[in-house]
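Chain identifiers are assigned alphabetically (A, B, ...) following the order of the sequence lines, protein sequences preceding nucleic acid strands; residue numbering begins at 1 within each chain.
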Amino acid sequence: MLLARLAQVSREVAATAARTRKTALLAALFRDAEPDDVPIVIPYLAGRLPQGRLGVGWKVLGRRVPPAAEPSLTVREVDARLTELGKLSGPGSQAERSRLVGALLGAATGDEQRFLLGLLTGEVRQGALDAVAVAGLAQATGADPAEVRRAVMLAGSLQPVAAALLADGPGTLDRFRLVVGRPVQPMLARTAASVTEAVGKLGACAVEEKLDGIRVQLHRDGGSVRIHTRTLDDITDRLPEVTAAALELTGERFVLDGEVISFDPAGRPRSFQETAGRVGSRVDVARAAREVPVSPVFFDALAVADRDLLDLSFAERHAELARLVPEPMRVRRTLVSGPEDVREAERFLAETLERGHEGVVVKALDAPYSAGRRGASWLKVKPVHTLDLVVLAAEWGHGRRTGWLSNLHLGARGRDGGFVMLGKTFKGLTDAMLTWQTERLRELAVADDGWVVTVRPELVVEIAYDGLQRSSRYPAGVTLRFARVVRYREDKRPEQADTVESLLAAHPEVRP
DNA sequence: TTCCGACAGTGGGGTCGCAAT
DNA sequence: ATTGCGACCCCACTATCGGAA
């Protein structure tokens, strides 16, 4: 199959807003793909490369290459070239990568170039990723979309399911069950504003501490342990002490869901930055493990022995977990019977925060494990802080925000009466707010370099954030975590904005 | 007819490791 | 030795489609 066909379909998919039409377009393409093309066409149309990331970003792709007049590239040829590119490493590899990308783009038409650039940067932006590709695959093969989706979640990715379906038809979906050693998409939580709201929605539930570390799915099969992140990357080699802990457990075969986090000698959780830095260390793992040891803390069991627990209730799954994993290696929790018992949930949240953790996750006791879903049966509750800050500048938006000033530079008042930048945010803005702020900020503009519009510091905006973290980028030495706009405060003048001093005083646990 | 679940998009900051400078 | 870049952790929120109620 020619790459041009994919580029054209991608353009059509991007051009329509209707998901049914996107699905139909993808289904038609999947039907036409030859068996050898399937492992390439499917991920391409889901906006991903089968090789994963290739070390090619905007910088490498920077220069323009004249497009070819006629399409000639086949998807298999493109895939082969990118596989070669992915193997490069060592001195000179970046220049060689750049050369290979240039050659590939030179063989592509303008349409194909756009599609390839999207794939390489991970930003195809056609309004269709895995979920729409799954629906298209179901339509192309006549399979039940829900069953295809479930198979993909259990397989961990789309490709094996696509290959099996197109080769053997819908009957093969039964093959995709939870297998110890093969990671499944993890279940995710939604946000609730308070434990009262969460318990009100869920009724009988468990309230569990939410640890601010790295989500892991651990598979043990006899003497073999594999550990995967939320995106199912294998990080086993970086976590020898977690592997050792799993081998200490009495069960021989199991799949557990939990969090990996570092505690200091006093037993307090280290900051997310410290835990993430440790888990990210790959070169001298032994040393990193000595300096910042991490602990696994589990909250769910997906399989035990040869039993798949996914469809059991959380209450039943947790009973299995408790049989297998001793207390300190399990998340702390309390059980709540329903809204009449909300004070216990509040007490537990307060205690959890006191212990230095992020918040709680409230989980319905009767819910199954919905792999890959951000379902309504897990609700996270974290304290939210707010500040009144001043807009110092704004950046022009991209995609659907083209033409709007989008990303705001936020400042707090400093000691000298000036403003100190604390970070940026583009979150929380409605289209109406984007329209309003674009107009207002243009009136206040003192400079525009085409990317950043600097403004007179007069507009006060209320910002919600989850906490402070250390920063080497911003002058105060700290920055806001997950900052988002709540509303503009036209009733406030910049002299009434919050100060860096009071911000630091409010977060004594973080020192610049 | 209205409501709401699921998705995609729009980017934020930090850290690590590698290659280039 | 330092710097720049890309990958991958953490993530909030809005708009929109289309099935559920």
What nucleic acid atoms does [X] come within less than 4.0 Å of, heavy atoms only: base, sugar-phosphate, or nothing?
X       : result
K22(A)  : nothing
A483(A) : nothing
L232(A) : nothing
V279(A) : nothing
A17(A)  : sugar-phosphate
A18(A)  : sugar-phosphate
K201(A) : nothing
A95(A)  : sugar-phosphate
R400(A) : sugar-phosphate
G52(A)  : nothing

With a 4.0 Å limit, can you tell me whether [X] has a side-chain N or O closer than that to the phosphate oxygens OP1/OP2 of [N]?
X       : N       : value
T425(A) : dG11(B) : no
S89(A)  : dC18(B) : no
S471(A) : dG13(B) : no
K380(A) : dC10(C) : no
R278(A) : dC16(B) : no
S406(A) : dG11(B) : yes

If you only use heavy atoms from C-beta on, which nucleotide in [options] is closest to the side chain of [X]?
X       : options                   : value
K427(A) : dC11(C), dC8(C), dC7(B)   : dC11(C)
R19(A)  : dC17(C), dC9(C), dG13(B)  : dC17(C)
T430(A) : dG14(B), dC11(C), dA15(C) : dA15(C)
R125(A) : dA7(C), dG11(B), dT10(B)  : dT10(B)
N407(A) : dG12(B), dG18(C), dC10(C) : dG12(B)
K59(A)  : dC13(C), dC5(C), dA19(B)  : dC5(C)
F272(A) : dC10(C), dG9(B), dC7(B)   : dC10(C)
L129(A) : dA8(B), dA6(B), dG13(B)   : dA8(B)
R373(A) : dC7(B), dC11(C), dG17(B)  : dC7(B)

K210(A), R481(A), K382(A) screened by salt bridge (charged side-chain N to carboxylate O under 4.0 Å, His left out) with D466(A), the one that passes: K382(A)
Under a plain distance cut-off of 3.5 Å, with no hydrogens placed, do E274(A) and S271(A) share a side-chain donor-acceptor pair? yes
Closer to the 5' end of DNA chain C via nearest nucleotide, is it D431(A) or F482(A)? F482(A)
S313(A) side-chain N/O to P368(A) backbone N/O, donor-acceptor pair under 3.5 Å: no
Has Q51(A) got a side-chain atom pairing as donor or acceptor with G86(A)'s backbone, closer than 3.5 angstrom? no
For R401(A) and E96(A), take the nucleotide of DNA chain B holding the closest heavy atom to each; which residue's nucleotide lies nearer the 5' end? R401(A)
Comparing S472(A) with G375(A), nearest DNA chain B nucleotide closer to 5' gives the residue G375(A)
Please state how far atom CD in Q469(A) lies from atom P in dA12(C), giving the value in whole angstrom units. 13 Å
For the pair made of OH in Y465(A) and C1' in dG11(B), what is the distance, rounded to whole Å? 21 Å
For dC7(B), which nucleotide in any strand shown is its Watson-Crick or wobble partner with both distances under 3.5 Å? none
W436(A) vs Y488(A) aromatic rings, parallel, tilted or perpendicular, using cut-offs 30° and 60°? tilted
